[in-house]
Structures are given as structure tokens and as C-alpha cells.
Amino acid sequence: MNEIPKAYEPQSVEDKWYDFWQKQGCFTADPKSAKPAFSIVIPPPNVTGMLHMGHVLNNTIQDILSRKARMDGKEVLWLPGTDHAGIATQVQVEKALKKEERKTKYEIGREEFLKRVWAWKEKHGNIIINQLKKLGCSCDWSRERFTMDPEYSRCVQKVFVELYKKGLIYRGKRMVNWCPVSQTALSDEEVEMKPQKGFMYHFKVQVAEEPDTWLTIATTRPETIPGDTAVAVNPKDPRYAHLIGKHIVRPLPIQLPREQKLIPIIGDEHVDFEFGTGVLKVTPAHDKADFEIGQRHNLAIVDIMNPNGTMNELAGESLAGLDRFEARDVAVERLKELGVMVEEKPYENNVGFSQRADVPIEPRLSEQWFLKYPSVEPSKACVAEGRMKFHPDRWAKVYDHWLTNIQDWCISRQLWWGHRIPVWYRNSEVYCGLEAPTGEGWTQDSDVLDTWFSSWLWPFATMGWPENTETLKKFYPTTDLVTGPDIIFFWVARMIMAGYEFMGEPKFALPDAMPFQNVYFTGIIRDKQGRKMSKTLGNSPDPLVLIAQYGADALRFGTMRSAPLGQDVLFDEKDVELGRNFCNKLWNACRFRQMQGGETETEIKPDLLTSDDKWILLRLDQAIREVSDALTTYNFATAVQALYRFFWSEYCDWYVEASKAPFFGTDAALKANKLAVIDFVLSNTLRLFHPFLPFITEELWHGMGFSKELPGNQGGQTIMFASWPKPFNTEEKEYFGLDDVADKVAAAKYELVGLGRNLRRELKLDPAKKLNFILKPAGTLAASEIEVLKLLLNAESVEIVAMDWTPDKGTPSASNALGEIFLPLAGLIDLGAEKARLTKEQEKIQAEIVKVEQKLANPNFAQKVPAKVLDEHKQRLADWQAKLVQVKASLKAMG
RNA sequence: GCGCGGUUAGCUCAGUGGUAGAGCAUUACCUUGACACGGUAGGGGUCGGAGGUUCGAAACCUCCACCGCGCACCA
């Protein structure tokens, strides 16, 4: 490391070390290890996905946790993989097929289509994995899993069969959320309610038995009138109760004979007579609530729509074939023609949208598979009782609320890409099993399972379940899960249930079958205007571009620094720039050390330590404590900020600058000791930074020679396995003399430097001019301390004078605990400016004195306040008063 | 409707009872022998509002306002 570039160049460093780590097997987890286990399973990204900022946030955190655990001496398994993303992947392949061959999947058939999907997966599936590698993720790639792997698929089928046999999975004709674009059922969680502007239509219908009586019905969906099989009123509603049992004439379809359009008036408590007109049209085939009313009253179910959202012939010839929204307009026209439209007024209501396709879902009656959620009670209990911890813990309430109100999960999807339901039919026979039944005439259910029905098994299906493998024994339950709160229901809650249901069996001999001990919920990454990152907005930067531009470490650092615990992250490229600047600072600080020459110094001689040395060792000690604490509480931003402050504002700004005094001097022993301190500090610093900045720290670790003295498995081979820094214990502090006194001397020295620089600035002196300062120390001061002062003040000289020395009239000065500093510039400066400066200073001091005096003057204050606080205030008052005396003296001296 | 966050410097955010902080941006100056991806010094805040508790509140309590999110949902 003789010829170090002036600026850090990440591009030449990152790939080199990533290859090194992989070749050395540094990420590989050994289940036979005697070390305590630490494990994380990655939230599997979509196999066809691309890395976005959310992944960066999420995976950087997992990497930090993993790397920290390795340095803590744990056996680490970070298990990576991808999921097959049923709908998303199928849609992508369909699009490609359309574009390249102008064909639909139906034209090539299921089998051929699946071949295309696999080919697509082979081609694109590694993209996101390689992107994670670029980011520095230390996953055990030898264990990479995919939810469509044969072994994994086997787990999914097995789970289905078991739950079926337990009676928890059943098939039924139910109202489901139907996506007319994807043409599949969706679970409740995949439906997003959105306010929509539309109209509330009021139309009137004639009571068949009382031709003079008309009822007015309010609806937002007139196109569903042909599917109405009753109108309902509240039996307690005096306006209508007497009509129950009679019939109305449904206005649509127009062509239908009157007798076929007679539908009953029924009484149902569901009807709110405050709302609308108090008369509800009941469309059991197209509304969930109406379906339930229909069940209660044995109403006919008339499905008037096709799966793709167009109307069928039952809707009548004027609507048939039209899209549901066109049909609405036409239905309105028909009602107007009939003269039954009473009113249409603008109306906003909430409509369920398919999260994936972003179109309104259609409640639709169809044959689907459902799961009664298993192991709900233990899943609730483990979080409620705090055995599994959520960070931040407010998510526990959200989790509990959801689990308390869940409905059965619709797990079948009308897709081709996914795990096929292991059920076969022959006439009225149904067979559920891992293998196809023997005999002729069986056909397998054509549906596949919801992707989440496979990913809920992720924590154990990736580790060899259903066998009780070495990996499961060692690494299950996992230590941490890192994910976004947006999938708390989709994934987290379901994984917990699956854990209890399938890992709770006696053969696994687990005291608690929960899949993880901690769940850390990240924030959601937004742009700097607070908008969610999205492809359509184009506001999501490509992390790979950022890595190419600034380096992976910079991206990690910037992201972590701006990611407060449990809050959304407003991402700004400036943060990455800051990360790059920081890496450069770290680089150059090490470069400075190298330029001082010499081998790595390992022995610090306590009697040669200056106040600066002791001060920086204490600051390092503090930083180690803060960073360690922050990491155990998942406060990543706090950890980064503590490191930033320590390294930049303490080590570089003060210690490195102060160290230049001995380095430019002649005392070889002092220099060597200084190098030893620097090497100690840097070696600790690099280790503290390693989880955040894996690449640059590894480069510097070797470049600085810190690896040389260490055993291979403790930092000799890689910083990854170097031990995490420990704070000093009492004996060490005593040995190095790290006490309050040394700390205060250095702090006062730096404060005095600030005061001196301030004098120079206030007096508008040429910054380039070397000045002579005079110092009247309050106590004794070593020569080395004076040298540091001289250097930091950029002074020509610092002359020491005795206590009885008095300055010439008008000499600017400043003082603190260390002593009084003068700038003997009589005649050179503008006395008016100095006087103004001092007057301003005096006013500020007086204001502070008034504030403290007022507090102390309050009799209650002295009585009630703790002694420590009282002393603090008294001391503060004394300090300000001393300063006031000094300023007044200076002013007086000015004449 | 229920629940959860948030409101502190121009911006993004720390700060859970005792002298209001950081980074960015900004102003002035500096290319000095680690670093201009840098250094030095500065300006900038009645901590959303109103009450209350307290010797003392940015912090604790109550109410309100506004912003964001989740759940539920009446046709």
C-alpha cells in the first residue's frame, strides 16, 4: 500500500473482495459448527424482479446483522433465494409471447407455456441475485432456494395434503375477489380499497301486487339489475314492512316477459334504513353482502357476467357482450327510456381494486379452494407474550388485530405458473395426495396455489423440512427476519402460523416452533417528495447505477444513515454522495497514517500517552458502546451517525490534526507511540465499520497490515471474522490512564483552539498570516501540549507567560479552564471592532447569567431539585461569571 | 368509523424532565505537507396550537389542527 490513490476508487476494490469472500467460502454456514447460531432467511425477491431501493434497504440491514454476528463469533446462515411470483411472472411471459410470436398462452397450451416460463426464469432469474452480490450481501449462495425447486414444491404439496387431511383445506363455491384482467381469484389481502368517483342512481320499481305503489332503489351498479333476484327492506322499517312477501317488477332486461322479472320483496336486518332509500336491490351473484342475504333467503343466483368482466346473455341483449363499465352506461340509458330513472347524483365510494392489475375486482361466485388458518392461537400468543419481538413493537397490535379478524384464505389461483393443486377428480370422486392416483380417468385440478401459500413455508422448507436436518437443528428458529410492514399479513403472519403448524411436531423437539425470534420492520422507501417509489412514476433510482457511480459501500452508508427506526425513508441521492464522501474520508485518514511510515505498531506505552491520545481512546470507547447498543436495538441510523461523528468530527477533525505536532517534530518515541494509538484506533474503527462498509474496510484492513498479526480465522484472512471491538474494562482504563482529567485537558485545549481561531476571525485577520499568541495557563502545561496548540492555532509561536503578566492595553483575549489566550496585536487591529466583539460577548454572557440566576433564585428550585442538577447549575453560573469578569477586564483594558 | 405514525433550522431528521443538535443547503474565508468527495468560522429554530402536571416541558397528560398509513365499510 505504498502508492495509495488520492481518492478512494470503489470499482477496483469491490468485485475483487466479493470474489475473494466467495472463493474462501466465507459466507458458507456450517451446521456442525460449535459456535452459537445466527440465522436469517431472506425475504425472497421475485425471480423476475430487479433490484430497487427497497431491496437495498432491506438487504443492507440483513447484511449488517449477518456480518456483525460473524464478528461476534456466531455461526451465521443467511439463506437466500427467490420466489416464483405467480401472476407477475406469468404476465411477463405472456407479454413476451405476444410480442415475439404474436401468440396467446392458450394457442401454445399449458405444457408449452410452462416451458417458456422456465426458460424465462433461466434467463432472467439470476439478475436480482447478481445485483444482491453487487451490494455486498453475504448470503450462503450454496443454499440458494427457489419456491419452484422440486424439493420445495414437494413441501408445498405435502403441506396441502396434510391440511386437507386435517380438514382445514376445503373446496367450495363462494364469493371471491375476481380479477377480470388476470382472470383469477385473489385473496382478500390482494384487494386494495380505493375511493372512486361515480354516480348514485335512484330508480323506481313497481310493486306487482299494488300497481300504484312504486319503490325507489339506490344503486351504484345499475348494470347488475338483470342479476337481481330480490329487493330487501328492513323488517323494522315502517315504510316498507307491509310489502314484505310481495313482489316487484325488475326493469331489466327489458325484453324479458313480465312474469320472469317478478322478484320478491324480502325483509333482512342487513338493510340500513338510513342509507339511500332504505330499499336494497339484492344481486347474490355479484356482491358479497347480497350473496349472504341470498343464502339466508334461498334466493336464486343469476350470474350475468363472463370471467373477463363482460356481460353475458343473461344480462339481456342490450348489455350482453359489453364490458361492465360500458354496460353501466347502457343500463342507465335503458332505465331512462323506461322512465323509471328518478335521480342520478355524483357519488364517491370505495371500490376494491386488484393490487396487481390495478382494475376494480369483481365479486364473483366460483369454485375455489380455501384454508382455515391453522395454529392461530399460538401465533397470536408468541407475539402477545413477547417471545417473538417486533421492532418497532407497534406492529404487534396490527398483527394481533388481523389475526383476530381473519377469514378463510382463498388459496387457489386460475393460473398456469405455480404449484398445481394435488387433487384429482374422477366423476364424483376426489383424491388428494402427493402422487397421482392409480387407475384410469383421473384429471388433476387445473388450478395452482397462491404464491404466498408456498412462501409461508420459507423458514423451514428452505432448510430441508420435512426431515429434521442438521440445518434445521442448528438454525431453526431463525434469529431475525427483516421485511417491510406491507407484507405483515401476506407473509409474516402466515409464516408464523406455518411455523407452529409444521415445526411443532414432536420429532423436531423444539421448545418453541416459531420461525423467528425477532422481526424488524423497515420503513418504506420514498422519493424526496415523499412519494412511493414506483415504475410508473419513474422516481426509483437504479441501485446499480448508484453503485457504479458512488460504490456499494456509499449506497449502503447513505441508505442506512437516512433510515430511522420504523419510519419511512425519504431517499435522496445526496445521501449516497455523503456515503461516498465518507468512504473517501476513511480512505484518506488511512492514507495519512501510511504516509507517516513505519510498520503497524501494536504496543501502546501508557506513560507516553498525551491528553489527545487518551481523549481519542475514550471517544473510541464511547463509539464502541454506542454502536454496539444501537445495533442490538436495531437502530441502524443511530449507529451510523455515532460512527460518523466519532470518525469525522472527533478522530479526523481533532485527533489527526493534533497528531501532526509530534509527527512534524523530532521525538521518535512519541511518534512511535502515536502510531500505535492510531493503529489501535483505526483497527477498531475498521471493524466497527465493517458491517456497514464491507468492501472498503476489507481493502484497508489488508492494506494497513492489520490482518498480518492475527490468526486466520480471527481477522488474518478477512476482517469478516475479526472480533467485534470491545469497550475498555476498568483495568484497561487504569493501565492507560484514561481518566476524567486527561479527557478534560484535551477537551479544554480544543475549546481554547476554537476561541483562538474565533479571535482571528472576529478581528478579520488574514487567515494565511502566522500569528504570535500569548498563553497564560491556569495550571501547568506540558511542552507537547503547547506544540499541539501552536499547530491547531496555525500560530507562528505560542508564548507562555506567568500568572502576573499583564497585556498591553487593548490586547484581544479569550479564556477557558485551560488558561487565557492573547493576540498581542496592539496597533494592528481595529480597536472599534474588538470593542464591538467584546460588547456582544458580554451581552450574551449576561443573558445566560440571568437565565441561570432566575432558576437558582426560585426557592422551590433549590429545595426540590436533585443535588447533582443543583451543582450543575451553580457551576454553570460560576463559569459564566468568570467569563464575564474576563470580558469586562478586556473591555476596561481597551479604555 | 376504529387504530397507528408524524408535526423541532430552508430541506431530511436526532433528541423520552435540567444550557435546542446533526447532515445537507446557505454565507465568508482558505487550494496549508490525508482528504476541495476537503478545512476554518458564521447565520438560521418562541420545538404545529391550546390547556394541564412540574421548581423546571421539545419531551409527560388532555383536547384540537394538519399530513401520512393501515383496517373496516351502506347498497
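Letters A, B, ... mirror the listed sequences (proteins, then strands); counts begin at 1. All figures in this text were calculated on a predicted structure; none of them were measured in a lab.
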Side-chain N or O of A:Tyr399 closer than 4.0 Å to phosphate OP1/OP2 of B:G70: no
Length of the CZ-C1' vector between A:Arg580 and B:A36, whole Å: 11 Å
Which residues share a side-chain contact (heavy atoms from CB on, under 4.5 Å) with A:Asp272, sequence neighbours left out: A:Glu274, A:Phe275
Atom pair distance, as rounded to whole Å: CG in A:Asp572 and C1' in B:C24: 8 Å
Under-4.0 Å side-chain N/O to phosphate OP1/OP2 contact, A:Asn758 with B:G42: yes
Euclidean distance for C1', B:G18 against B:A50 (whole angstrom): 25 Å
No-H, no-angle donor-acceptor pair, A:Asn584 side chain to B:C35 base, under 3.5 Å: no
Test side chain to side chain contact (heavy atoms under 4.5 Å, CB included) applied to A:Ile696 and A:Val13, A:Asn584, A:Leu586, the passing residue: A:Leu586
Base B:A34 to side chain A:Glu657, donor-acceptor N/O within 3.5 Å cut-off: yes
Short side-chain N/O contact to B:A75 OP1/OP2 from A:Asn349, under 4.0 Å: yes
Touch class at under 4.0 angstrom, heavy-atom based, for A:Lys281 against every strand present: nothing
side-chain N/O A:Lys574 vs B:C37 OP1/OP2, d < 4.0 Å: no
Atom-to-atom span, NE2 of A:His401 to P of B:C69 - whole angstrom: 19 Å
Distance, rounded to the nearest Å, where A:Phe592 contributes CZ and B:G39 contributes C1': 14 Å
Residue-phosphate contact under 4.0 Å: A:Lys397 side-chain N/O, B:C4 OP1/OP2: yes
B:G39 OP1/OP2 closer than 4.0 Å to side-chain N/O of A:Trp648: yes
Sugar-phosphate, base or nothing in reach of A:Asp272, heavy atoms under 4.0 Å: base
ring centroid sep under 5.5 Å plus plane angle under 30, A:Tyr644 with B:G23: no
Closest to the A:Lys851 side chain, choosing from B:G23, B:A20, B:A34: B:A20
Distance, rounded to the nearest Å, where A:Asn350 contributes CG and B:G1 contributes C1': 12 Å
B:G38 OP1/OP2 closer than 4.0 Å to side-chain N/O of A:Asn588: no
Under-4.0 Å side-chain N/O to phosphate OP1/OP2 contact, A:Lys288 with B:C73: no
Distance in angstrom units between A:Leu771 CG and B:U32 P, rounded: 18 Å
Ring-face cation contact, A:Phe273 with A:Arg239, 6.0 Å cut, 45° max: no
Rounded interatomic separation in angstrom, taking CG from A:Asn860 and C1' from B:A57: 17 Å
Touch class at under 4.0 angstrom, heavy-atom based, for A:Lys660 against every strand present: base
OP1 or OP2 of B:C4 under 4.0 Å from side-chain N/O of A:Arg394: no
Bracket notation of RNA chain B in which parentheses pair within the strand, [ ] cross earlier pairs, and | pairs with another strand (Watson-Crick or G-U, under 3.5 Å): ((((((((.[[[[.)..(..]]]].(((((.......))))).....[[[[[..)....]]]]])))))))....
Interatomic distance where CZ belongs to A:Phe663 and P belongs to B:U32 [whole Å]: 21 Å
